[in-house]
Amino acid sequence: MKVLSDASSAPAAAPTRGSFLQAIWFIVFADITMSIDNVLAVAGAARGSVPLIIFGLCVSIPFVVFSSNLIAVLMDRYPAILYLGAAILGKVGGEMVVTDPFVMQTLHPSVPLTYVAEGLAIAGILVAGRLQSERSRNARAVS
C-alpha cells in the first residue's frame with residue numbers, strides 16, 4: 001500500500017540533509033526490507049516447492065538488482081505497473097491464506113471460494129492503497 005501512495009505523491013521540493021551514515025543505514029534497511037518481501041513473494045508463488053523457491057530467488061534477485069533503475073523509470077512513467085504489481089501480490093496473498101493447511105482442514109474451501117478470496121485480497125489492497133494515497137495527498141495539501 002505504501003508503494004501505491006508514494007506513486008501518487010509529488011516529490012519533495014528539496015531533500016533534507018542528513019549524515020552519510022544515516023543515508024547508508026536507509027539504503028541497507030531498504031535492501032533488507034525488499035529482500036524479505038522478495039523472498040516471501042517467491043515462496044508464496046512457489047507454493048512450498050523448494051526447487052521453485054531456489055530458482056525464483058536465483059532469477060528474481062539479480063533481475064531486481066540489475067534492472068531497478070529501469071523498473072523505477074517505468075513505474076514513474078506508467079503508474080498502472082504499480083497497481084498491477086499490487087494486484088498480483090494480493091492474488092498470491094489471498095491464495096496463500098485460503099490454501100493454508102489449517103484453513104484447508106478447518107474450512108475445506110472450494111475452488112470458487114478460493115477465487116473469491118483472491119479477488120477480495122486484490123480489491124482490498126487496491127482500495128487501501130488508493131485511500132492511503134488520497135489521505136497523504138490531502139495531508140500535503142493542508143500543510
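As a basis for the values below, the full set of heavy atoms in this structure was taken, side chains included, without hydrogen atoms, waters or symmetry mates. The structure presented is a predicted model; accordingly, all values stated were derived computationally and were not measured.
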Determine whether [X] and [Y] fall in the same hydrophobic cluster, where Ile, Leu, Val, Met, Phe, Trp and Tyr are linked whenever their side-chain heavy atoms lie under 4.5 Å apart.
X	Y	answer
I71	L74	yes
L70	L82	yes
V73	Y78	no
I122	Y83	yes
L57	V50	no

Nearest heavy atoms of [X] and [Y], plus distance in Å:
X	Y	result
M104	V98	SD-O, 3.4 Å
A43	I53	CA-CG1, 4.0 Å
G90	I125	CA-CD1, 3.4 Å
L126	A86	CD2-CB, 4.1 Å
G44	V92	C-CG1, 3.9 Å
V42	S60	CG2-OG, 3.8 Å

Checklist entry - Is any side-chain heavy atom of W25 less than 4.5 Å from a side-chain heavy atom of Q22? => result no
Checklist entry - So, do V116 and L120 sit near enough that their side-chain heavy atoms are less than 4.5 Å apart? => result yes
Item to check | Distance in Å, E134 CD paired with L131 CG, rounded so as to fall on 0.5 Å steps | outcome: 6.0 Å
Next on the checklist: Quick check for you: to the nearest 0.5 Å, what is the distance between L113 atom CG and E118 atom CD?
Outcome noted: 10.0 Å
Item to check | Check: Q132 main-chain N/O paired with S136 side-chain donor or acceptor under 3.5 Å | outcome: yes
